Amino acid sequence: MTSIVDSLLARLPADRVMTDPGAMVAYARDQAEWGAWGSPAAVVRARSTSEVQATVQACLEHGTPVVARGAGTGLSGAANAEAGWIVLSLERLDQVLEINTLDRLAVVQPGVVNDRLRAAAAEQGLWYPPDPGSAPWSTIGGNVATNAGGMCCVKYGVTRDYVLALEVVTGTGEIVRVGRRTAKGVVGYDLVGLMTGSEGTLGIITEVTVRLRPAREPERTVAGFFPDLLSAGRAVTAVAEAGLTPSLLELMDRTLLRAVDDWKHMGLTTEADTMLLGRVDTPGERGDAEAETMAEVFRAAGAVDAAVAEDEEEGELLFAARRLAYPAAERLGTILTEDVCVPKDQVVPMLERIQQIGVRHGTTIANAAHAGDGNLHPLLVTTPGDAEQLERAHLAFEEIIAACLELGGTISGEHGVGTLKRDGLHAELGEPVVDLHRAIKAALDPHGIMNPGKVFRP
C-alpha cells in the first residue's frame, strides 16, 4: 500500500514535506512542558490554501490524523502531534493581504505574526487590539485557534471579538468561507465564532479577516507596589468598584519580579511583594484624572507606593517587565502555566486559594495575572527531573482548577484546553454539554482526522 508520506509527495512539491526525525522534533509539540506528544510521520510546510487542502485529502485517504501548527507558542498541548500523525505547519502562509481603511478590517494569512499585523495596521492609523504575551512570536492563525486574549482584553475583548470571516479547509477536504466583511450580518449560524477557539479540531484556518479600530492616544501608566499578593488583589476589585475601566490591569508577584530583575537587571523594586500595573487610554484631562484616581485607589487598598508614570518611556519599561514574566519564570525550572479566570469579586479568594494550595503541596507558585478581568496565571515551578516534586505540582494544578470552578470561574481564559485541561473541561461543562461538542465535531469532521483527542475526551 502507498504510505501517507508517499501520498503527500505525490500531491505536493518535495520541499514541502519533511520526514527527518531530528528536524521534525521542533514541530512536534507546543510550549506546554507537561503535554504528551509523539513523533509525526511527516511535517508539511504548506505555502497555499490548495496545499493545505491537498494535505487534508491525503490524510483522509489514509485515515491519518492531522494537527495544524502556527508558531508553537501554545501552552495547553493543543498543537502536539502523536506518533504517526501529520503536522501541518502554516508558518509560510505569512502574508498581510489587505488593510482596508474604509471598512477598518484586515485580511491575513494564518502565519502572520500578531505584532506584524499590529504594525501593518498602525501604518494606516489603525489598531488590532488582541495582544497575547506571545504577540512578538505567535501567529494570527494560532491566536484564532485558541481564541487568544492578552493584556488589553479587560477593556477591548479577546480574539473572537475581532474575527469577521475565515477561510477554512474542512474535515472533508473542502475549502469554505464563513463570516462576512460587512459591519452587520445575521445570516446563518455563527460559524466564525464556532471555529474561533476550536483548537484545530473542526477545520484548518487558511485565511482570517479581522476587525480593526482607530489608533489610540498614548496611554497613562499607573504603578502600585503592595506588601502582599492579597492586598494587590483587593486593589483590583477596588478599581472596578470605583467605576474605572482600565485599558490594562496587570499583576506580578515577588517571585516574578526577582526573576525578571535577575535576568535583565531592570532595577525593579525588591522591597514590595507584588506589583500592579494599570493603564488608562481615555483621552485628555479626563484620562489624567482617571490615572490619578487609580493611583489613589491603589494606595487606599494598601499599596506602599503608587504613582502615575512620568512619561510614556517609563510606562513602557514597566510593561516590558510584565511581558518578560513567563520567559523569566522558565529560568527558574520547568513551568506549568494555569489560565483560570474568575469573576472580579472572586479574585482575592482565588489568589488566597492558590497560596494555600502551593503551601499544602510544597510547590513554588509564581503569580502573574491579567488581573482586571480576573484571568490569573499561577505558574507552577518544578525542578527538572524531580519526579516527586512533579507529582506534587500535578496535584496542585488539579486543585487550582477545582477551586476556580467552586468560585464560579472557568478553567481557561485564553490559553485553551488542549490536552492538559480536558478533565477540567468535562468538570466545567458537564457531560450533556460535552455531548453537544462531540455532535458538532462529528458533523464537521466525520472521519475524525482533525486533531483528535484534544479539548474533550473521545
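The structure displayed is predicted, hence computed values, not measured ones. For this chain, numbers begin at 1 and follow the sequence in order.
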All pairs passing side-chain hydrogen bond (donor to acceptor under 3.5 Å, both in side chains) where residues 212-241 contributes a residue, at least two apart: R216-E219, R216-D281, E219-S247, E219-R279, R220-D288, T221-R279, D228-S231

Spacing of CG belonging to L380 relative to OG1 belonging to T363, to within rounding of 0.5 Å: 6.0 Å

Exam field: side chain R392 to backbone H361, donor-acceptor pair closer than 3.5 Å: yes

Side-chain donor/acceptor of N375 to backbone N/O of A369, under 3.5 Å: no

Any donor-acceptor N/O pair, E399 side chain to I357 backbone, under 3.5 Å: no

Run the side-chain donor-acceptor check on residues 65-72: report pairs under 3.5 Å with partners two or more places apart or on a different chain.
residue, atom, partner, partner atom, Å
R69, NH1, R29, O, 2.7
R69, NH2, A26, O, 3.0

Test item: H437 side-chain N/O and F456 main-chain N/O as donor-acceptor pair under 3.5 Å: no

CZ on F397 to CG on L420, rounded to 0.5 Å: 5.5 Å

Any side-chain donor near an acceptor of the partner, Y326 and Q31, under 3.5 Å: no

Test item: R299 side-chain N/O and G224 main-chain N/O as donor-acceptor pair under 3.5 Å: no

Y162 side, atom OH; I140 side, atom CD1 - distance, nearest 0.5 Å: 12.5 Å

Heavy-atom donor-acceptor pair, D253 side chain to L229 backbone, under 3.5 Å: no

Partner set under side-chain hydrogen bond (donor to acceptor under 3.5 Å, both in side chains) for D373, not counting sequence neighbours: none

Distance-only side-chain donor-acceptor flag, E199 / T201, under 3.5 Å: no

G171 versus H447, closest heavy-atom pair with distance: O-CD2, 4.2 Å

Residues in ring-ring contact (aromatic ring centres under 6.0 Å, His included) contact with H377, at least two apart in sequence or another chain: H370, H415

Worked verdict on M450 versus L202 for side-chain contact (heavy atoms from CB on, under 4.5 Å): CA-CA 6 Å; M450 291 287 172; L202 302 179; over 6 Å; no

Heavy atoms from other residues, nucleotides or ligands near CD of E431 exceed 12 (cutoff 6.0 Å): yes

Inter- and intrachain pairs under side-chain hydrogen bond (donor to acceptor under 3.5 Å, both in side chains), touching residues 344-355, at least two apart: R353-E406

side-chain contact (heavy atoms from CB on, under 4.5 Å) evaluation trace for V44 with I86: CA-CA 7 Å; V44 174; I86 299 302; 4.0 Å; yes

NZ/NE/NH1/NH2 to OD/OE distance under 4.0 Å, R258 and D262: no

Check: S138/N114 side-chain N/O donor and acceptor closer than 3.5 Å: no

Any donor-acceptor pair under 3.5 Å from T274 side chain to F226 backbone: no

From CZ (F298) to CG (L277), nearest 0.5 Å: 7.5 Å

Spacing of CG belonging to D261 relative to CZ belonging to R254, to within rounding of 0.5 Å: 12.0 Å

Heavy-atom donor-acceptor pair, N80 side chain to A36 backbone, under 3.5 Å: yes

For T410, all residues meeting side-chain hydrogen bond (donor to acceptor under 3.5 Å, both in side chains), sequence neighbours excluded: E428

R323/D131 ion pair, N-O < 4.0 Å: yes

Any donor-acceptor N/O pair, D339 side chain to E414 backbone, under 3.5 Å: yes

Contact check, side chains of K454 and T419, non-hydrogen atoms, under 4.5 Å: yes

Side-chain H-bond candidate by donor/acceptor type, E33 with T334, under 3.5 Å: no

